> 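Shown below is the structure under consideration.
Note that this is a predicted model, so its numbers are computed, not measured.
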Amino acid sequence: MLDLNTLTQKYYEVKLLDGSIIHLKHPTQGMLNTMVSFSNIKSSTDNTQVINVLYDLMTRIFNRNTEGVTFTREQIGDMLDIKAAMYVLNDYIHSNFDNLGE
């Protein structure tokens, strides 16, 4: 029997600056499409729009946590500078694409 519960039990863990750990669920198909197209946006759009798309996406990602914590875009911006946001996004993308092969 195929147990779909086992597919959804792997979460991406992030340790926040206050030391707490949140578990992020896998992205939705729409989020995956946005993440994949983000590289095209980076190379063909002005920096302000890239930053807006990045932080909107990070807010969506962080709000898919199992702890039920809701983050505002402002909180994500205060918590993650641009370098940290890009690092988390890239690692989250790679982690989820690696999981597709399992």
> In a check of side-chain hydrogen bond (donor to acceptor under 3.5 Å, both in side chains) between R73 and each of T59, D78, N52, which one passes?
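Single pass found, and it is N52.
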> Could you measure the distance from the CG atom of L16 to the CG atom of L80? Nearest 0.5 Å is fine.
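Here the rounded value is 8.5 Å.
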> How long is the span from the CD1 atom in I51 to the CG atom in D56, to the nearest 0.5 Å?
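With rounding to 0.5 Å, CD1 (I51) is 12.0 Å from CG (D56).
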> What is the minimum heavy-atom distance between M31 and L57, and which atoms define it?
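Shortest heavy-atom contact: O-CD1, 4.5 Å.
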> What do you reckon, is CD of E67 surrounded by more than 12 foreign heavy atoms closer than 6.0 Å?
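Yes, CD of E67 has more than 12 neighbouring heavy atoms, counting only those of other groups under 6.0 Å.
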> Can you pull out every ring pair (Phe, Tyr, Trp, His ring centres under 6.0 Å) where at least one residue sits in residues 67-87? Sequence neighbours excluded, please.
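The answer is F62-F71.
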> Keeping the roles fixed (side chain from Y55, backbone from I82), state whether a donor-acceptor pair exists under 3.5 Å.
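Side chain of Y55 to backbone of I82: a pair is present.
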> Taking all atoms of both residues into account, what is the closest heavy-atom pair of T70 and Q75, and its distance?
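Taking every non-hydrogen atom into account, O-OE1, 3.7 Å.
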> How many angstroms lie between CD in E13 and CG in L24, if you round to the nearest 0.5 Å?
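CG of L24 is found 9.5 Å from CD of E13.
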> Answer whether the closest heavy-atom distance between the side chains of V14 and Y92 falls below 4.5 Å.
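With C-beta onward as the side chain, the pair stays apart.
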> With side chains defined as the heavy atoms from C-beta onward, is the minimum distance between N96 and M35 less than 4.5 Å?
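Not in contact.
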> Taking salt bridge (Lys or Arg N to Asp or Glu O under 4.0 Å) as the test, write out the residues that go with R64, two or more places apart.
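For R64, no residue satisfies salt bridge (Lys or Arg N to Asp or Glu O under 4.0 Å) once neighbours in sequence are set aside.
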> I need the I61 CD1 to L89 CG distance, nearest 0.5 Å.
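These two atoms lie 5.0 Å from each other.
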> Measuring from atom OG1 of T66 to atom CD1 of I21, what distance do you get when rounded to the nearest 0.5 angstrom?
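Atom-to-atom, T66:OG1 and I21:CD1 are 11.0 Å apart.
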> Can you list the residues that meet the side-chain hydrogen bond (donor to acceptor under 3.5 Å, both in side chains) rule with S20, with sequence neighbours excluded?
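Partners of S20 under the side-chain hydrogen bond (donor to acceptor under 3.5 Å, both in side chains) test: D18.
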> Look up atom NZ in K25 and atom CG in N63, then write down how far apart they are to the nearest 0.5 Å.
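Output value for this atom pair is 11.0 Å.
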